[in-house]
Amino acid sequence: MKKTLLYSLAVLASVTLASCNGDYDDWANPQANEQEASAAKYGITFAAGPEAESSMPDADGVINLVTVNTTDANVTGYTLKSLKVNGEAINGEIDGNNIQVNAAELEKILCNQNNSRASIARDMKVESKVSVNLASGDAVAINSVGETTGKFTPTATPQLDEKGYYMLGQINGNEWDAKSPVWMNKISDGVYQLKVTTTADKNWFKFYAGSKYDEGGDWKIIDTGALGCKENGCEDSSGYIYFYGDSWGKLQTMVIPGAGTWIVTLDMNNLTYSFAKPVLYMAGDANGWDQIDYLSGEDGVNYTGFMYLNQNGFKFCSQQNWDGTNYGGAFFGQESDNIIMDETEGYYKVDVDLSTKKYTLTPITTIGIIGDATVNGWSGDDIDMKYVPYNKETKEGRYWEVKDITLKTGVIKFRANDDWAINWGGELDNLTSKGNPANIAVEEGKYDIKLYPWADGYAKCEMTKK
């Protein structure tokens, strides 16, 4: 009986194994499937469409970007699977043999990719993916991919106004007084800049072409030269310019959010604008020549920041790249291209005056914590912090820290050189060193603390309770 059972199990196992082997054979050697045939079989080719080189505005609003062809008479059409322009997806449709896109959508994609609305022919690399429809009604499940090229020229931008540009709105006390325009300063061909002051939470403004200025304040004339943004109340600190006659739509009014001093830039070459608090960046050997150390100001002339410097050179820059104005050794009267300081390597308060072309370095040997929340109180010694230098490989550091510090419920401040000449207070994520900054409230506990003194508008503190 036992042998009979074992024999039965062996037969069952062999049948099962044979079944598995059969499945394996089918998987390893699949039958030919017409639905997965290669694109080459159907002679599919991709070519630049009849409007692959075109410009805006387009008469019908449609650009025939790619033409798909085949040598197989059984192919009756195509289904568009995906479409990309310079690696970015765009909506498209098949019309006969042509792949079409919306002209306005194509224009915006190319302008955004180039961060410019300038009317310059933009190169396109187009990637099309289609499947094939057959006369039998079948859809061949292949994804045939083709690459084509083209050029597209955005809408013609206004010619540069020979009389320049001005601003109207809630800036510099103008309050939309059309008879008292606030004229911008030309800093290069097509680029204008203005230092403005604001007093409200929302400060509305527009740009205007100088040739359309009317001394009598006639808004019907003035508005013909208006330059605005896409959405009313837009607070985008770096956006595109819209104007009447613009295919991108009617212009709206921008907003500067918050009171203070701002540098407003109008770039008519690229039809862009920007506004920002006055700031310079330091790039040098000490921070890997990255523009990651800050100096802030209120007037666009005087700037202050805190950073580590060495004698291997540095520069101050108006942008976080090398495209703006770069202030090197020559600007400050040195023979070298970079600024070479006479002082020893270390941490400094850095003051720059662009009007006098001078910079001043105040050494900071210590930064400590003081206050009634500390064990020493207001009258005792500061609790010194340790500086963590910048690691060029990990991109970390540039802060002062102390670990396992015990605090009582109360308040603290940070100060330099065991003195009140330089101190920081206020909100942890927005510390300030100007005036008499507010105390920082803390709760009882043990903390790891990191202080990033940097500059007003960038300084912050991280307190991790343990």
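Note: hydrogens, waters and symmetry copies are ignored here, and every other heavy atom, side chains too, is used.
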- Would you please name every residue forming a ring pair (Phe, Tyr, Trp, His ring centres under 6.0 Å) with Y327, sequence neighbours left out? F331

- Task: May I ask you to check whether Q170 and T198 show a side-chain donor-acceptor distance below 3.5 Å?
- Result: no

- Task: Apply the side-chain contact (heavy atoms from CB on, under 4.5 Å) test between F316 and each candidate in D293, L295, N326; give the one that qualifies.
- Result: L295

- Query: Is S318 reaching over with its side chain to a backbone N or O of T325, donor-acceptor style, under 3.5 angstrom?
  - Reply: yes

- Item | Exercise: identify the closest heavy-atom pair between C229 and Y273 | CB-OH, 3.8 Å

- Check the angle between the aromatic planes of F275 and F205 and answer parallel, tilted or perpendicular using the 30° and 60° thresholds. perpendicular

- Task: Could you tell me whether K220 and D214 make a salt bridge, using a distance below 4.0 angstrom between a side-chain N and a carboxylate O?
- Result: no

- Using ring pair (Phe, Tyr, Trp, His ring centres under 6.0 Å) as the criterion, list what pairs up with Y359, not counting sequence neighbours. F332

- Nearest-0.5 Å distance, CH2 of residue W248 to CZ of residue F243: 10.5 Å

- Message: Applying the side-chain hydrogen bond (donor to acceptor under 3.5 Å, both in side chains) criterion to R117, which one of D267, D246, T155, N112 satisfies it?
- Response: D246

- From CA spacing to verdict: side-chain contact (heavy atoms from CB on, under 4.5 Å), W289, N338: CA-CA 11 Å; W289 289 99; N338 298 324; 3.6 Å; yes

Between side-chain atoms of residues 64-72 and protein atoms elsewhere (two or more places apart, or another chain), which donor-acceptor pairs fall under 3.5 Å?
| from | atom 1 | to | atom 2 | distance (Å) |
| --- | --- | --- | --- | --- |
| N64 | OD1 | Q100 | NE2 | 2.9 |
| N64 | ND2 | E51 | OE1 | 3.0 |
| T67 | OG1 | N98 | OD1 | 2.7 |
| N69 | OD1 | N97 | ND2 | 3.1 |
| T70 | OG1 | Y42 | O | 2.3 |
| T70 | OG1 | D72 | N | 3.1 |
| D72 | OD1 | N74 | N | 2.8 |

- By side chain to side chain donor-acceptor pair (under 3.5 Å), T197 pairs with (sequence neighbours left out) N172

- Of all residues at least two apart in sequence or in a different chain, which pass the salt bridge (Lys or Arg N to Asp or Glu O under 4.0 Å) check with D351? K349

- Residue pair N114 / S116, side-chain donor-acceptor N/O under 3.5 Å: no

- OH of Y458 to OG1 of T432, rounded to nearest 0.5 Å, is 13.5 Å

- Aromatic plane relationship, Y213 with Y166 - under 30° parallel, 30 to 60° tilted, over 60° perpendicular: perpendicular

Please output the side-chain donor-acceptor pairs of residues 362-370 that fall under 3.5 Å, not counting sequence neighbours, one pair per line with the distance.
| from | atom 1 | to | atom 2 | distance (Å) |
| --- | --- | --- | --- | --- |
| T365 | OG1 | N417 | OD1 | 3.2 |
| T366 | OG1 | N417 | N | 3.4 |

